[in-house]
Protein chains: 2
Amino acid sequence: MSKRARDIQKALSASGYRITQPRRAVIEVVARARRSLSPEEILARARKIDPGVGLATVYRTLDVLQAEGHLERVRIGNRGYSLACSEKALHFHLICERCRTVTEIQSDQFSGALIAQLQAVGFESRKSAIEIIGLCAKCQSSE
Amino acid sequence: MSKRARDIQKALSASGYRITQPRRAVIEVVARARRSLSPEEILARARKIDPGVGLATVYRTLDVLQAEGHLERVRIGNRGYSLACSEKALHFHLICERCRTVTEIQSDQFSGALIAQLQAVGFESRKSAIEIIGLCAKCQSSE
DNA sequence: AAACTTAGTGAGAATCGTTCTCAACAAGAA
DNA sequence: TTCTTGTTGAGAACGATTCTCACTAAGTTT
């Protein structure tokens with residue numbers, strides 16, 4: 001089991017959630033993911049660890065992980081995708097609409113300017129991640 | 001009919017689209033909207049202008065308007081909302097998840113910082129709008 | 001270790017937003 | 001006015017997500 005998965009399990013347990021076999025499997029999959037995965041993809045991978053996992057449980061576990069701040073869901077087009085996230089305060093997700101890879105970027109300069117603007121307008125940002133859809137460098141060249 | 005609606009119709013016509021009654025109604029609704037509207041809401045309003053409009057046509061017209069750059073679609077949670085947009089190059093949508101009002105903000109400072117970052121990573125942004133979900137000033141105080 | 005409480009589960013039905021299908025219609029050109 | 005064909009409405013179809021419910025098992029209490 002990965003360290004990341006263990007940490008998440010510990011945190012969930014501390015928050016009063018039960019650590020069940022299906023949850024273990026989903027957490028392990030999400031913790032190991034190198035790109036964003038759709039719920040169906042997560043299901044397929046989780047079933048390699050625990051064959052009995054159901055799709056509903058994947059959704060439910062994703063909800064829990066999101067509520068507890070261990071994961072963010074990003075969207076590409078009309079489909080929803082799930083992504084393990086870091087704990088950085090204000091960061092951006094560059095989502096490649098072709099290969100679905102998610103690159104996180106951060107810039108203090110940018111963050112500062114944005115936060116100042118948000119305060120000026122009095123807007124309270126609840127989603128700490130900002131998503132920019134487009135094409136990553138790789139997919140641009142191979143298109 | 002609003003000036004905005006007339007302009008959009010002219011542009012669509014110039015692009016070879018037919019200006020039909022249902023389209024006229026949807027365009028009028030979108031042009032007049034002061035906040036983002038769901039397709040269902042647009043349908044309801046459009047039917048006050050042309051009672052025969054169907055939901056499919058609302059979706060189709062939204063697609064056309066988006067393709068022609070007269071509108072952007074933003075999402076709140078799992079629901080999709082539609083929004084009339086300005087023509088600014090790089091702007092942000094502050095979407096209030098409570099009242100659905102969309103505030104556009106812009107700042108050369110952070111636009112510059114962001115563009116620099118994107119170029120550094122080699123990412124090509126295809127969606128010019130960035131969406132920040134949260135609570136507007138009004139809804140914060142009345143919560 | 002056994003019993004107990006109840007959060008969590010899988011399967012499939014239900015729901016929701018969106019897209020598709022297709023015969024009928026009407027916009028705009030001739 | 002006629003003609004061509006892009007556009008339409010209704011409802012079926014679709015895909016993603018949520019719900020329902022009887023059953024299971026995690027973690028606590030004995």
Side-chain angles (χ1 to χ4, degrees), chain A residues 6 8-29 36-68 71-83 100, chain B residues 6 8-29 36-68 71-83 100:
Chain A
R6 209 183 327 264
I8 294 174
Q9 283 180 29
K10 229 178 271 178
L12 288 192
S13 184
S15 296
Y17 293 97
R18 289 185 187 173
I19 306 306
T20 63
Q21 285 306 325
R23 273 184 186 164
R24 251 191 257 277
V26 171
I27 291 170
E28 186 61 39
V29 167
S36 61
L37 300 172
S38 70
E40 286 288 354
E41 287 173 319
I42 293 172
L43 177 66
R45 295 187 184 194
R47 282 189 164 157
K48 290 182 186 168
I49 302 172
D50 176 357
V53 183
L55 182 56
T57 294
V58 171
Y59 279 103
R60 287 187 282 233
T61 304
L62 292 179
D63 286 346
V64 169
L65 291 175
Q66 183 164 31
E68 293 295 305
L71 173 143
E72 285 179 67
R73 296 185 80 174
V74 295
R75 309 192 72 93
I76 305 176
N78 282 336
R79 301 204 209 162
Y81 290 89
S82 303
L83 160 80
R100 284 192 219 150
Chain B
R6 210 185 323 268
I8 293 175
Q9 284 180 29
K10 227 177 273 179
L12 288 192
S13 185
S15 296
Y17 292 98
R18 289 185 186 172
I19 305 306
T20 63
Q21 285 306 324
R23 271 184 186 164
R24 252 190 258 275
V26 171
I27 291 170
E28 187 62 38
V29 168
S36 60
L37 300 172
S38 70
E40 287 289 354
E41 287 174 319
I42 292 173
L43 177 67
R45 295 188 183 193
R47 282 190 164 156
K48 290 183 185 167
I49 303 172
D50 177 357
V53 183
L55 181 57
T57 295
V58 171
Y59 278 103
R60 287 187 283 233
T61 304
L62 291 179
D63 286 346
V64 169
L65 290 176
Q66 183 164 32
E68 293 294 305
L71 173 143
E72 284 178 67
R73 296 185 80 173
V74 294
R75 309 193 71 93
I76 304 175
N78 283 335
R79 302 205 209 161
Y81 291 89
S82 302
L83 160 81
R100 283 193 218 150

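Reminder, nothing fancy here: chain letters follow the sequence lines and each chain counts from 1.
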* Asked: Just by distance, do the side chain of S13(A) and the backbone of Q9(A) share a donor-acceptor pair under 3.5 Å?
  -> no
Comparing R18(B) with T57(B), nearest DNA chain D nucleotide closer to 5' gives the residue R18(B)
Whichever of V53(B) and I19(A) has the more 5' nearest nucleotide on DNA chain D, that residue is V53(B)
Heavy-atom side-chain proximity of [X] to [Y] below 4.5 angstrom:
{"X": "V29(A)", "Y": "L43(A)", "value": "no"}
{"X": "I42(B)", "Y": "T61(B)", "value": "no"}
{"X": "D50(B)", "Y": "R24(B)", "value": "no"}

Euclidean distance, atom [atom1] of residue [X] to atom [atom2] of [N] [Å, nearest integer]:
{"X": "L43(B)", "N": "dG11(D)", "atom1": "CG", "atom2": "P", "result": "13 Å"}
{"X": "D63(B)", "N": "dT18(C)", "atom1": "CG", "atom2": "C1'", "result": "10 Å"}
{"X": "Q9(A)", "N": "dA26(D)", "atom1": "CD", "atom2": "P", "result": "12 Å"}
{"X": "R24(A)", "N": "dA26(D)", "atom1": "CZ", "atom2": "C1'", "result": "9 Å"}
{"X": "L62(B)", "N": "dT7(D)", "atom1": "CG", "atom2": "C1'", "result": "15 Å"}
{"X": "D50(B)", "N": "dA27(C)", "atom1": "CG", "atom2": "P", "result": "10 Å"}
{"X": "R23(B)", "N": "dC25(C)", "atom1": "CZ", "atom2": "P", "result": "19 Å"}
{"X": "Q21(B)", "N": "dA27(C)", "atom1": "CD", "atom2": "P", "result": "6 Å"}

### Message
Does a side-chain N or O of T20(A) approach OP1 or OP2 of dT9(C) to a distance below 4.0 Å, or not?
### Response
yes
*According to a strict under-4.0 Å criterion, is Y59(A) in side-chain N/O contact with OP1 or OP2 of dT18(D)?*
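For dT18(D), OP1/OP2 do not have a side-chain N/O of Y59(A) under 4.0 Å.
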**Prompt:** Of S13(B) and E40(B), whose nearest nucleotide on DNA chain C comes first from the 5' end?
**Reply:**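 The answer here is E40(B).
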When rounded to the nearest 0.5 Å, the distance separating CG of L55(A) from CZ of R60(A) is 9.5 Å
Base, sugar-phosphate or nothing for [X]? Non-hydrogen atoms, less than 4.0 Å.
{"X": "G52(A)", "value": "sugar-phosphate"}
{"X": "R60(B)", "value": "base"}
{"X": "L55(A)", "value": "base"}

From the candidates dC19(D), dG11(D), dG8(C), the one with an atom nearest any side-chain atom of A56(A) is dC19(D)
